[in-house]
Asks: 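Let me begin by handing over the structure; questions about it come next.
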There are 2 protein chains.
Amino acid sequence: MKKAATELTGVKEIARRANVSIGTVDRVIHNRVGVSEKTKQKVNAIIEELNFQPNKMASLLATRKSMNFAVLIPAVSADTDYWSFPLTGIEQAAAETKQFGVSVKHYFYDLDSKESFTKASHELLNDAPDAVLLAPSFVEESAVLAAKLDELKIPLVFINSDLADQNNLAYIGPDLYQSGRLAAQLISLSLQQQDNVLIVNISSDLKNDHHLVRKEHGFKKFFEDAGSKTKVATLNINETKLTAVEQSLMQTLDASPDVKAIFVTNSRVNIVAEILKKHNRNNTLLVGYDFLKKNIDYLVSQQITYLICQRPKEQGYLGIMALYKHLFKVSEVERSVYMPIDIITKENYLFYNS
Amino acid sequence: MKKAATELTGVKEIARRANVSIGTVDRVIHNRVGVSEKTKQKVNAIIEELNFQPNKMASLLATRKSMNFAVLIPAVSADTDYWSFPLTGIEQAAAETKQFGVSVKHYFYDLDSKESFTKASHELLNDAPDAVLLAPSFVEESAVLAAKLDELKIPLVFINSDLADQNNLAYIGPDLYQSGRLAAQLISLSLQQQDNVLIVNISSDLKNDHHLVRKEHGFKKFFEDAGSKTKVATLNINETKLTAVEQSLMQTLDASPDVKAIFVTNSRVNIVAEILKKHNRNNTLLVGYDFLKKNIDYLVSQQITYLICQRPKEQGYLGIMALYKHLFKVSEVERSVYMPIDIITKENYLFYNS
DNA sequence: ACAATTATCGTGTACGTACACAAATTGATG
DNA sequence: CATCAATTTGTGTACGTACACGATAATTGT
């Protein structure tokens, strides 16, 4: 560790070389008005030559900017702790950017209630944040919010699911179709000639749950593309209570004895695991989603074979970071960032975090 | 975006409340000598009360520290481009920390030559860096270097493989044993009753390649723990040329027709893939390591079924970051960081980067 | 030719912290 | 109580950039 050599650096050096004051250099850098074309060229040439990068710390220190970010995501419910992971990532990013003047305010909505979403989004708009991170679970309501934010020129980043035709800064989340394909591949690798497969959608509002549909689509497409003879049936269950799922599922399974693998299109795979365990079906290949406590438990007990995850924590982290980078002009932000599709098993789940 | 309220903040506010000068506050914060116990207590109490966090930017700006990091890793060879990934991560971290005064110098060695390692490590020591990131491929030579660095009190971080009993700051890399177990699990999920498995170690110096041994160990242990009847044989090939591998491998395979799965314990799995393709063995399950161009090609053509990866890019990135955080006192550094063990297939490889 | 604009440029202060140096206080000693 | 040293505390300047304001130069109008 040593002190830097004491030669002029930064704007001062540029100013010296260009025979102007640092004020003028400053104006050129921020292309403000009030500098002649000639000197502007001269200064820009020197900036180019020196490959000058402004000292971010000094500039941040000088501006004393402060930004309020708003985050609108589902609340962590008793039903699922999925959203605790993006939240952790968001908090981590908040901690890292705090020293640069970023403060993050949270707004939560209930996944079962569109009204709660609308209400929270009104609160959010009232607070006039400088940027918004949104998990657009409700398509139409989210579009309304996105439109308003666009009007107010407040940058918006989606996480977890995308919304088409929106003028958002970025999307950070999974490729659902492809994750369905992956599930299909994993299952197909363990299937015998005569085995069949069952897709289980568990959702109280399947029509609006584009998530599940896209995954199912990818799953089926894989078997189609492979020219496989495997029969793929779908079971839609529009209640999320165990007993309701149990009745519906067992009825189906009893009627089709060749089902050797089940693909649950969301994190409720632990419900299916519980049912299979209860009925002593231990040789069914079970694939589902998300690194939740309950799911991991069944992964360890081998009721669940594979869990597919898409780095929920990183989604939150990268979402905040994208806004930060954009507003503080740290770097350009990619329009779409698809998360890796991770496969979690009994043998690697321990290392999935950190 | 708005200006922060114009009230006193930071050391000034502390100084005001404690009725001392900012110089004294500064002394307390860095617990320098020359401040009476009484005022030290007083100031510390106020720091506590305000939950004061020094402004990193201002402090960095004021100190104008600059640090030289040295990186000693294998050169990217024609044989494998594996080390290009850690390198990318290192360069990314270097770019991010550059503005904080970090400069990173690279030293490369040849994986086939201990002399090149020794030579490079001498150069490194000559340059007296402030910190070192090391991939300790050669155990003894690395231990020598580590000891010298320890003597000079230069912090050292290992990536990619660990070295026992060294006084290093951190290790960032894979858990090899567990990755072997994972390979075993993946294979076992596709195995029939009567199928057998072959482990293939391809290395010109297997005795010293603790990597492969640890993976093999984990692999075998999985089948043991599962109480499986599957026969697991091992084939050691101490040449890396295709023809040599081909001869050895095909001889073994011809002699044991029940081998339905092959586990190659390193990234040379593409050699095996090429051989199997040549001999029209398309229904063998093949599992190996690392996200290399050649391997991905065979993954796409389905010659390789699974690739196991341990985020080489992140290893480089986190390695540099650990040194940065330590030297700039940003945060504490974890002693061991095990990378997630990722499973890559034809259906998810596209999303593995970024 | 002169004032009145307007375009261009320079200067000073601030951001929050670090550190060298100066100043003030304390305590001991003759 | 004066003197000196040791201890404790205060002050000033620097880091590199931002920006308000004042100063100068170029242009226009009469």
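Every chain is numbered from 1 and lettered A, B, ... according to where its sequence line falls, protein lines coming before strand lines.
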Asks: Return the value, rounded to whole Å, for the distance between atom NZ of A:K56 and atom C1' of C:dC15.
Replies: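 Between C1' of C:dC15 and NZ of A:K56: 16 Å.
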
Asks: D:dG16 C1' sits how many Å from A:L60 CG, rounded?
Replies: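 Distance, rounded to whole Å: 12 Å.
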
Asks: Flag the pair B:H106 / B:F108 as yes when their ring centroid distance falls below 6.0 Å, and as no otherwise.
Replies: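 Centroid separation for B:H106 and B:F108: below 6.0 Å.
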
Asks: Verify the contact: side-chain N or O of A:T39 to OP1 or OP2 of C:dT8, cut-off strictly under 4.0 Å; return yes or no.
Replies: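 Negative; the distance criterion is not met.
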
Asks: Ignoring backbone atoms, establish whether B:T63 has a side-chain N or O less than 4.0 Å from OP1 or OP2 of C:dT17.
Replies: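 Answer no for this pair, as no side-chain N or O of B:T63 is under 4.0 Å from OP1 or OP2.
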
Asks: Looking at D:dG16, I'd like to know if its phosphate oxygens (OP1 or OP2) sit under 4.0 Å from a side-chain N or O belonging to B:R64.
Replies: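 Indeed, a polar side-chain atom of B:R64 lies that close.
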
Asks: Does the side chain of B:N160 pick up a donor-acceptor pair with the side chain of B:Y82 at under 3.5 Å?
Replies: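 A donor-acceptor contact under 3.5 Å links the two side chains.
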
Asks: Nearest 0.5 Å, what's the NZ-CD1 distance between A:K42 and A:I47?
Replies: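 Output value for this atom pair is 12.5 Å.
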
Asks: Closer than 3.5 angstrom, by distance alone: can the side chain of B:E314 be matched with the main-chain N or O of B:P340 as a donor-acceptor pair?
Replies: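 Here the side-chain-to-backbone pair does not exist.
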
Asks: Take atom CG of A:L50 and atom P of D:dG16, then tell me their distance rounded to the nearest Å.
Replies: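 That distance rounds to 14 Å.
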
Asks: For DNA chain C, what residues of residues 23-35 of chain B have any heavy atom nearer than 4.0 Å?
Replies: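 Within this stretch, B:D26, B:H30, B:R32 sit under 4.0 Å of the strand.
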
Asks: Any salt bridge linking B:K148 with B:E151? Criterion: basic side-chain nitrogen under 4.0 Å from a carboxylate oxygen.
Replies: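 Between B:E151 and B:K148 there is no salt bridge, as every charged N stays at least 4.0 Å from the carboxylate O atoms.
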
Asks: Grab the CD1-C1' distance between A:I14 and D:dT17 for me, whole Å please.
Replies: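 The distance from CD1 of A:I14 to C1' of D:dT17 comes to 11 Å, rounded to the nearest Å.
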
Asks: How close or far is atom P of C:dA14 from atom CG of B:L61, stated in whole angstroms?
Replies: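 My rounded result for the distance is 17 Å.
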
Asks: Determine, for A:E332 against A:K325, whether the closest basic-nitrogen to carboxylate-oxygen distance falls under 4.0 angstrom.
Replies: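 The answer is no: the pair does not qualify as a salt bridge.
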
Asks: CG of A:N55 versus C1' of D:dC15: gap in Å, rounded?
Replies: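 It works out to 8 Å between those atoms.
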
Asks: Between A:I22 and A:A58, who's closer to the 5' end of DNA chain C by nearest nucleotide?
Replies: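 Between the two, 5'-proximity favours A:I22.
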
Asks: Check whether any side-chain nitrogen or oxygen of A:S21 sits under 4.0 Å from OP1 or OP2 of C:dG10, and answer yes or no.
Replies: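 Yes, such a contact exists.
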
Asks: How long is the line joining CD of A:Q53 and C1' of D:dG16, in whole Å?
Replies: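 The answer, rounded to whole Å, is 14 Å.
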
Asks: Quick one: B:K12 NZ to D:dG10 P, roughly how many Å, whole number?
Replies: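 One finds 16 Å between P of D:dG10 and NZ of B:K12, rounded.
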
Asks: Please check if the side chain of B:Q315 supplies one atom and the backbone of B:G173 the other of a donor-acceptor pair under 3.5 Å.
Replies: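 Such a contact is absent between B:Q315 side chain and B:G173 backbone.
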
